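To start, the structure itself, in structure tokens.
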Amino acid sequence: MGRPLTDYRSLSLWHATADDDFAPRPALPGPASYDVVIVGAGLTGLWSAYYLHRADPTLRIAVLEQEVAGFGASGRNGGWSSALFPTSWKRLVAASSEAGALRMHRAMQDTVREVGRVAQAEGIDAHYHRGGNVTLASSKVQLERQREEVRTAHARGFTEEDHRLLEPDEARAMLAATPVLGGVFTPHCAAIHPSRLVRGLARVVEANGVSIFEHTRVLSIAPGRVETEVGAVQAEVVLRATEGYTPGLEGLQRAVVPVYSLMVATEPLSEAQWESIGLSDRPTFSDARHLIIYGQRTADGRLAFGGRGAPYHYASRIRPSYDGSPRVFQDLRMVLRQMLPQLRDTEFTHQWGGCLGIARDWAASVGLDRRTGIGWAGGYVGDGVSTTNLAGRTLADLVTGARSDLVTLPWVGHHSPRWEPEPLRWLGINAGLRAMTFSDVEERLTRRPSVIARMMAPLTGGH
Ligand SMILES: Cc1cc2nc3c(=O)[nH]c(=O)nc-3n(C[C@H](O)[C@H](O)[C@H](O)COP(=O)(O)OP(=O)(O)OC[C@H]3O[C@@H](n4cnc5c(N)ncnc54)[C@H](O)[C@@H]3O)c2cc1C
């Protein structure tokens with residue numbers, strides 16, 4: 001890291017519009033002792049602190065953050081608080097059963113509502129709006145893939161209330177993109193303002209008596225203690241909530257890889273433009289291409305739009321300069337303008353990026369090792385906004401020993417294998433990332449489902 005940031009508002013559209021001066025909280029003054037210490041003040045760390053305090057208000061809890069709360073992905077993301085869960089269905093079934101896998105997904109759907117409930121109850125103005133999600137089909141191949149996905153979902157126990165195929169007119173009425181052959185709608189998604197959510201949550205947690213120390217970098221984690229630059233913090237329980245940044249911790253270089261996702265945002269659009277575009281109930285949106293893209297209509301009337309496509313950096317390096325790539329920003333603006341020619345004369349005012357964490361088996365996990373007192377959550381593969389909340393509730397139950405339904409969900413206690421050493425890691429991940437782009441080109445050219453995508457599925461987490 002090592003960037004002496006003076007103005008965190010320049011990190012993203014969300015930081016710029018959070019109505020927050022991001023003045024850092026005090027750093028840890030020196031060696032200390034707590035009941036629970038949490039490393040990382042993103043949504044994982046803060047939801048964990050929130051629910052732990054509610055479960056046992058006598059616990060002395062500290063959160064240690066190397067920059068400021070919401071500095072990482074939690075403050076920068078696309079703002080989809082969705083029910084998407086990255087672990088493949090097959091893997092969830094193997095870890096539990098068909099019913100267990102369905103229970104995992106139902107828990108995610110409840111979590112979308114829980115995020116909104118807490119924001120409202122705690123007075124966090126996160127612009128939460130549960131307008132669902134629309135994923136368009138912009139080619140026949142995409143349409144066929146969507147039909148197959150909905151058929152499969154319904155065979156697994158989901159219903160029309162969860163995933164519904166849209167006729168072309170219906171899809172176009174939701175989002176008047178070009179071209180639209182159909183789409184899928186799910187109500188299980190809310191649009192949020194990421195920075196307002198995470199910053200508001202930090203304030204709530206602090207007001208409850210949790211200590212948050214900022215500009216406090218943790219060097220290593222061990223049973224009963226974490227080492228910082230100003231000394232050790234002793235705690236019976238240590239929770240690691242560092243997601244994509246985890247490789248920076250001693251001994252955890254190969255636990256997850258940091259993969260970058262980048263975003264652009266327009267100026268606020270006019271009412272006439274919105275009339276011609278749609279998104280009237282603010283559903284988040286995407287289309288069924290292989291390279292992941294995601295967008296939302298913000299509460300202040302902009303389009304915020306992002307996608308993968310940035311390369312993985314050798315040795316899991318994280319640098320401020322990687323938050324931006326002129327090529328990817330250019331591609332994102334181009335893709336959005338292709339989808340929505342209505343944006344011809346619209347200015348793009350913001351561009352930014354950040355890193356998210358991917359485990360070797362593409363499986364998110366949460367757990368607490370009772371022997372060492374070390375807990376963790378992460379590996380959300382870009383689906384962390386809601387999942388962090390489920391992780392926080394689960395970690396609170398694991399720490400306090402509550403026998404809840406959450407602690408038996410199939411992702412609890414899962415250990416992903418480590419990534420390969422370099423240069424294999426670099427070669428494999430970048431090949432996988434490239435494959436997603438090539439698969440879309442291949443489908444456009446051949447008008448058939450991509451062979452590359454099928455071949456690369458093991459490297460790209462294909463479900
Ligand atoms: C551009 C982008 C778009 C995304 N869009 C979406 C989306 O629309 N929907 C969705 O569900 N997910 C999305 N994601 C993913 C989602 O944002 C993350 O999965 C989620 O925010 C992870 O939260 P976290 O708290 O685990 O990690 P983070 O928010 O990254 O927080 C980790 C924190 O730990 C701190 N830290 C790290 N190492 C140390 C250390 N050694 N000592 C002290 N502190 C440390 C970091 O500074 C950071 O603040 C997106 C991610 C990105 C980057």
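Just so you know, ligand 1 is whichever comes first in the structure, and atom 1 is the first atom listed for that ligand. Remember, predicted model here, so these are calculated numbers, not experimental data. Numbering of residues begins at 1 and proceeds along the displayed sequence.
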**Request:** Please say whether Gly70 places an N or O atom under 3.5 Å from an N or O atom belonging to ligand 1.
**Result:** no
**Prompt:** Do any N/O atoms on Leu43 end up under 3.5 angstrom from N/O atoms on ligand 1?
**Reply:** yes
Is there a donor in the side chain of [X] and an acceptor in the side chain of [Y], or the other way round, less than 3.5 Å apart?
X      : Y      : answer
Thr284 : Asn133 : yes
Arg393 : Ser404 : no
His290 : Arg145 : yes
Gln296 : Arg282 : yes

**Asked** For Phe71, is the NZ or CZ atom of Arg76 found under 6.0 angstrom from the centre of its six-membered ring and inside 45 degrees of the ring axis?
**Response** yes
**Message:** Can you confirm if the NZ or CZ of Arg360 lies within 45° of the ring axis of Trp419 and under 6.0 Å from the centre of its six-membered ring?
**Reply:** yes
**Request:** Step by step, work out the side-chain hydrogen bond (donor to acceptor under 3.5 Å, both in side chains) result for Tyr51 and Asp397.
**Result:** CA-CA 9 Å; Tyr51 289 107; Asp397 286 351; over 6 Å; no
Region of [X] engaging ligand 1 - heavy atom pairs below 4.0 Å:
X      : answer
Val218 : both
Tyr260 : neither
Trp80  : both
Leu249 : side chain
Thr216 : backbone

Any idea which protein heavy atom is nearest [atom], and the distance to it?
atom                    : answer
atom 44 (N) of ligand 1 : Gln66 N, 3.0 Å
atom 27 (O) of ligand 1 : Glu243 CB, 3.4 Å
atom 19 (O) of ligand 1 : Gly384 CA, 3.2 Å
atom 4 (C) of ligand 1  : Asn77 CB, 3.1 Å
atom 49 (O) of ligand 1 : Glu65 OE1, 2.7 Å
atom 5 (N) of ligand 1  : Gly78 N, 2.9 Å
atom 24 (P) of ligand 1 : Thr44 OG1, 3.5 Å
atom 21 (O) of ligand 1 : Ser74 OG, 2.9 Å

**Asked** Above 12 or not: heavy atoms from other molecules or residues under 6.0 Å from CD of Glu250?
**Response** no
**Message:** Quick check on Trp274: does its CH2 atom have over 12 non-hydrogen neighbours (other residues, nucleotides or ligands) under 6.0 Å away?
**Reply:** yes
Taking the six-membered ring for Trp, are [X] and [Y] parallel (under 30°), tilted (30 to 60°) or perpendicular (over 60°)?
X      : Y      : result
His105 : Phe85  : perpendicular
Tyr322 : Tyr260 : perpendicular
Trp14  : His193 : perpendicular

Ligand-side contact atoms (ligand 1) for residue partner [X], heavy atom cut-off under 4.0 Å:
X      : answer
Gly40  : 33 (C), 34 (O), 35 (C)
Leu356 : 51 (C)
Ser261 : 1 (C), 2 (C)
Phe71  : 47 (O)
Gly79  : 8 (O)
Thr388 : 23 (O)
Arg217 : 42 (N)
Gly42  : 25 (O), 29 (O), 31 (O)

**Request:** Looking only at non-hydrogen atoms, find the nearest pair between Ala202 and Ala69 and report the distance.
**Result:** CB-CB, 3.8 Å
**Request:** Search all heavy atoms of Tyr128 against all heavy atoms of Ala190 and return the closest pair with its distance.
**Result:** CE1-CB, 3.4 Å
**Request:** Applying salt bridge (charged side-chain N to carboxylate O under 4.0 Å, His left out), name anything that partners Arg196, two or more places apart in sequence or on another chain.
**Result:** Asp125
Is [X] near ligand 1, meaning one of its heavy atoms is under 4.0 Å from it?
X      : answer
Gly353 : no
Ala241 : yes
Leu219 : no
Gly382 : yes

**Request:** Could you list the residues that satisfy ring-ring contact (aromatic ring centres under 6.0 Å, His included) with Phe22, not counting sequence neighbours?
**Result:** His15
